[in-house]
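What follows is a short report on a single structure.
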Amino acid sequence: MRLRSIVAPLLKWFAKNARDLPWRRTRDPYAVWVSEIMLQQTQVKTVIPYWERWMKRLPDITALANAREDTVIKLWEGLGYYSRVRNMQKAARLIRDEHGGRFPRDLAGVMALPGVGRYTGGAVCSIAFNQSEPIVDGNVIRVLTRVVGIEESPKAKPVLEKIWAFTDDLVKHAVARQQPRQRNASAFNQAMMELGALVCRPRNPLCGGCPLQGRCTARKENKVETIPALAKRAAATKRRFIGFIINWRGKVFVQRRPSGDVNAGFWEFPNWEVSADADAAHLAKANLPLGQAELLCVINHSVTRYRNRLEMFLLRVSRKPRLAKLHGEWVSLAKIDKFPLTAAHRKVAKRL
DNA sequence: GAAGCGTGGGA
DNA sequence: TTCCCACGCTT
């Protein structure tokens, strides 16, 4: 197939242009897996310090499996998608208990871990073990739709399956032609993603520096700006929250989100959702003591399709209030940094 | 303000 | 079984 002719120039380009990223200096499947989970949701620049801190504190499966949940969650604070970090610890415990602590070595075994799907399974198997498993992420989709000139939306199932079939063929071709001591399944998969990240960017791609420019249909037909076809986005919903910093003798009250909830295990200041158009009278009826509180700040915080507005009030009390219905702790401001807070509440804490 | 991004749970 | 969307933060 003609598409196979992209493999050689791509590998050559990658050998010269690959970024020196910390997780590229290891083939430890645990380290690769940690980096892949972090990279699913966050850009490289942000992930680097998180990955380095994580690997220092939890250098292997055993360390992660045996760590306290608080420790693990704290290491993830600020990355978002917190169910993934809980899945990672579940996976580590599963490896400890069911696999004798040894990371699974095949695609089915890796994909059986919670939080690992087709992409991450293929990434770990190709990058850590150099197995010729294909991977398709946003970068690969962009590179291939452009090179091949696919104008239909890659969200459509048959289109996506076609892209998986292309990469599957390409990674096997890359391995078939590899020289001894080369790691071409690893290099090919990373090269596709690296090209998407550095050259074949979503906007303003650097076609002039692309090793595939002579083979790219989108470039030839002047469709680089319209391929891949964008999906229409769901409308955002506005939500409004009222929260309190209850300050008693220099300590503030924080509560832990229960397991099963969004952001389970994270801490936050007491807060409630109120209707978007609630005014002071409505809030008074809800028994919220706004009268004695001063507005500290308003945090606008976007989460997936929600535009959240969090109004935080400062309430100073001289007697320790009985907050029987709220399960939480009084912490001094100096110690608030030790608690994993959700992003919006971390912003609030920074204003204190 | 819009776009980007894998997995998994529920429709 | 297949499809849709929640999940969170950054640029």
Side-chain angles (χ1 to χ4, degrees), chain A residues 32-50 73 76-91 94 107 110-127 133-143 145 153-161 163-164 167 189 192-193 196-198 200-205 225-239 241 257 259-266 268 299-310 340-348 350:
Chain A
V32 172
W33 170 60
V34 173
S35 75
E36 286 300 334
I37 301 287
M38 288 182 173
L39 287 163
Q40 281 173 16
Q41 54 203 348
T42 312
Q43 333 172 238
V44 167
K45 196 180 103 219
T46 311
V47 166
I48 292 173
Y50 277 93
I73 283 185
W76 202 265
E77 182 190 306
L79 281 177
Y81 287 102
Y82 301 108
S83 64
R84 293 177 189 195
V85 70
R86 286 188 290 275
N87 274 337
M88 286 182 76
Q89 194 171 37
K90 258 191 231 161
L94 192 145
L107 186 63
V110 178
M111 282 185 64
L113 303 173
V116 176
R118 204 174 174 188
Y119 166 78
T120 308
V124 170
C125 288
S126 61
I127 296 170
E133 301 292 353
I135 59 180
V136 171
D137 74 342
N139 292 306
V140 174
I141 289 174
R142 198 162 54 250
V143 170
T145 51
S153 167
K155 293 234 160 191
K157 184 116 186 263
V159 177
L160 192 59
E161 282 312 316
I163 294 169
W164 275 96
T167 21
N189 281 343
M192 289 285 283
M193 298 191 289
L198 300 183
C200 197
R201 308 183 301 193
R203 277 157 300 183
N204 310 317
E225 298 296 334
T226 55
I227 296 179
L230 291 177
K232 48 217 162 288
R233 223 175 150 76
T237 306
K238 287 187 179 175
R239 299 176 74 178
F241 297 82
R257 295 186 63 92
S259 62
D261 270 30
V262 167
N263 295 333
F266 279 78
E268 62 187 12
I299 304 286
N300 287 303
H301 183 245
S302 292
V303 178
T304 56
R305 47 176 291 263
Y306 299 105
R307 303 290 165 266
N308 295 338
R309 176 187 164 91
L310 172 62
L341 300 182
T342 53
H345 288 253
R346 176 57 66 201
K347 286 185 201 168
V348 173
K350 287 217 172 93

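Values below: all heavy atoms of this structure, side chains included; hydrogens, waters and symmetry mates excluded. Protein chains get the first letters and strands the later ones, always in sequence-line order, with residue 1 at the start of each.
- A:Y306 comes within 4.0 angstrom of sugar-phosphate atoms only, judged by non-hydrogen atoms across all strands, and of no base.
- A:M38 has its CE atom 15 Å from the P atom of C:dG8, to the nearest Å.
- Proximity of A:K45 to the phosphate of C:dT11: a side-chain N or O atom is located under 4.0 Å from OP1 or OP2.
- Atom-to-atom, NE2 of A:H301 to C1' of C:dA6 comes out at 14 Å; the value is rounded to the nearest Å.
- Scanning all heavy atoms of the two residues, the minimum distance from A:W33 to A:M88 falls at CH2-O, 3.4 Å.
- Side chains of A:N87 and A:R84: no donor on one and acceptor on the other come within 3.5 Å.
- Set against C:dT10, C:dA6, C:dG8, the side chain of A:Y82 has C:dG8 as its closest nucleotide.
- Once rounded to the nearest 0.5 Å, the distance linking OG1 of A:T342 with CZ of A:F266 reads 8.0 Å.
- The minimum heavy-atom distance between A:P154 and A:L160, with the atom names listed, is O-CB, 3.6 Å.
- Note: CG (A:L160) to P (C:dT2) measures 14 Å, nearest angstrom.
- Here the straight-line distance linking atom CE of A:M192 with atom CZ of A:R142 works out to 11.0 Å at 0.5 Å rounding.
- With rounding to whole Å, A:K157 atom NZ is found 11 Å from C:dC4 atom P.
- The line from CG of A:L113 to NZ of A:K90 is 12.0 Å long, rounded to the nearest 0.5 Å.
- Between A:R305 and C:dA6 there is a side-chain polar atom (N or O) within less than 4.0 angstrom of OP1 or OP2.
- A donor-acceptor pair shorter than 3.5 Å can be found between the side chains of A:S126 and A:N189.
- Spacing between atom CG of A:L79 and atom P of C:dC7 amounts to 18 Å, rounded to whole angstrom units.
- Taking atom CG of residue A:D261 and atom C1' of nucleotide C:dA6, one finds them 14 Å apart after rounding to whole Å.
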Summary of protein contacts for nucleotides 2-11 of chain B, nucleotide by nucleotide, where a base hit scores B, a sugar-phosphate-only hit scores S (4.0 Å, heavy atoms): -BBSBSS---
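- Taking atom NE2 of residue A:H345 and atom P of nucleotide C:dC9, one finds them 11 Å apart after rounding to whole Å.
- Nucleotide C:dT2 holds its P atom 19 Å from the NZ atom of A:K155, rounded to whole Å.
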